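Throughout, residue positions are numbered sequentially from 1 according to the sequence presented. Atoms within each ligand, like the ligands themselves, are counted from 1 in listed order. Atoms considered below: every heavy atom in the structure, side chains included; atoms not considered: hydrogens, waters and symmetry mates. Computed from a predicted model, the values in this text were never measured in an experiment.
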Amino acid sequence: MSDKISGLTRRGLAAGAGALALQGCVAREAPPRPLASRQFPPDFLWGVATAAYQTEGALEADGRGASIWDVFAANPSNIHDRSNAATACDSYRRYGEDAALARAGGLNAFRFSIAWPRVQPLGAGPANVLGLDHYARVVDGMLEAGLTPFATLYHWDLPQTLQAAGGWANRDTAARFADYADIVARRLGDRLARYVVLNEAAVHTVLGHVTGLHAPGLRDGDLLGPVTHHLNLAQGRAIAALRAARPGLVVGTTLALMPSRPAGGALALWNRLPAAGFDELWNGAYLDPLLHGTYPEQAQSLVAASVRDGDMAAIHQGVDFIGVNYYAPTYMRLDLNNPSFVNIGAPPRDAPKDAFGRHIDPSGLGEMLARLRTRYANPNVLITENGCSDPFSDGPALIEDEFRIAYVRAHLEAVKREMEAGARIGGYFHWTLIDNWEWAEGYRSKFGLVAMDRATGVRTPKRSHQWFAALARSGLLDES
Ligand code: IFM
């Protein structure tokens, strides 16, 4: 995330005063409770999560249409190492190898994403049979390998033709998305029963439309409200379309849940309002409409012009699970020089960071899981992403990645602690299987359990792959 949330509006911050009243002070960390047991239940899902654009390559294959990421990455200055995803992990061709690696890693589940531009190259109209057949083979390969497939319908790769018509700022895109969901369910629903509708709508909204760090590369704070609402609406309509096409599907969505804390600690009173306001926009603006049928106060003025009669009912869908993607808390501060008066602040001085610069803090995962349990009626939850980056480098990955093992262990302790408090958490998907194309970071950021030689595509399991396999097979979390 950029240093500046320059697109948040004054309106938004003003509304944040109400959010502060609602939220009160940010919870202070208590020392973690000791675990009663380190044993996870036998039916717990152990998986990896991947995304089409980050892994598939083969951008021209089988009639695929262009996506917003093709256009964004075509400008090398948008990507840190000036790379693109033309090859990525070559998983469009090597998907069988990927499933075998997951299976060898002891896993029983695999979250991948379907590329909308492969299914509807122009984002509307008839389905591309070749694209759908490809995903039928991918799913069959997973099933044969003993992996339960979870398909994300939208992991940020909007067909470029829809972007040309306004993208997520255009309400019509929500209707197009529901059509696409219907096509997928009808063709694949006989073998693919589990769906994640959207990936991290908050990240896509803010980084894609406000800070411009991701595709479509827009920098317009006025898009915050419409894009948020249209993504929520698209999600609601797609959930309904999936269920109408095939009753009995298991349907959820993922959110990038991230506690927003005041920079400078409890004594920096002036940072509490920005932190609480940002929390409402980042977490509440997606959780509340889905699970409560309303926008939080902070978001209401932003979305008001986009909301039409019936929308909130369409968005307020019962989901079979909430997917939690968790990496780090954020620390917010007052910034009178920024149009929104809000900016990203520094984490506590002694906070450890991963190579991505993300603050390593499993307590943030516990905090968000506890929030789901207590404020949102304890839904079924899957941890649909969690992981950390190797130190940035264009060189080979670190095969002896003890830091990753320690990271995952600590986050799983937070998960287990919440399960012992009553949270209904059914699985953990590690981000990710193979080092891949990390969006604007290109290839220098490596999140995989498996390294990949970019010249040959050869995959080499890291030490964490072996560790995760032992954990997935036994369900027993070791101690450091
Ligand atoms: O690579 C991304 C993924 O696409 C979405 N969640 C965070 C991951 C790591 O940054």
Quiz item: Is R191 paired with D140 through a side-chain N to carboxylate O contact shorter than 4.0 Å?
Solution: yes
Quiz item: Taking 4.0 angstrom as the limit, do K446 and D401 come out as a salt bridge?
Solution: no
Practice problem: For atom NE2 of H80, decide whether the heavy atoms of other residues, nucleotides or ligands shown that lie under 6.0 angstrom number more than 12. | Solution: no
Exercise. Kindly write out the residues that satisfy ring-ring contact (aromatic ring centres under 6.0 Å, His included) with Y95, not counting sequence neighbours, or none if the list is empty.
Key: H134
Quiz prompt | Contacts of type ring-ring contact (aromatic ring centres under 6.0 Å, His included), residue F44, not counting sequence neighbours | solution = F40, W46
Quiz item: Who are the side-chain hydrogen bond (donor to acceptor under 3.5 Å, both in side chains) partners of Y443, not counting sequence neighbours?
Solution: none
Quiz item: Measuring from each atom of ligand 1, which residues have a heavy atom under 4.0 Å away?
Solution: Q54, H155, W156, N199, E200, Y327, R358, E385, W431, E438, W439, F447
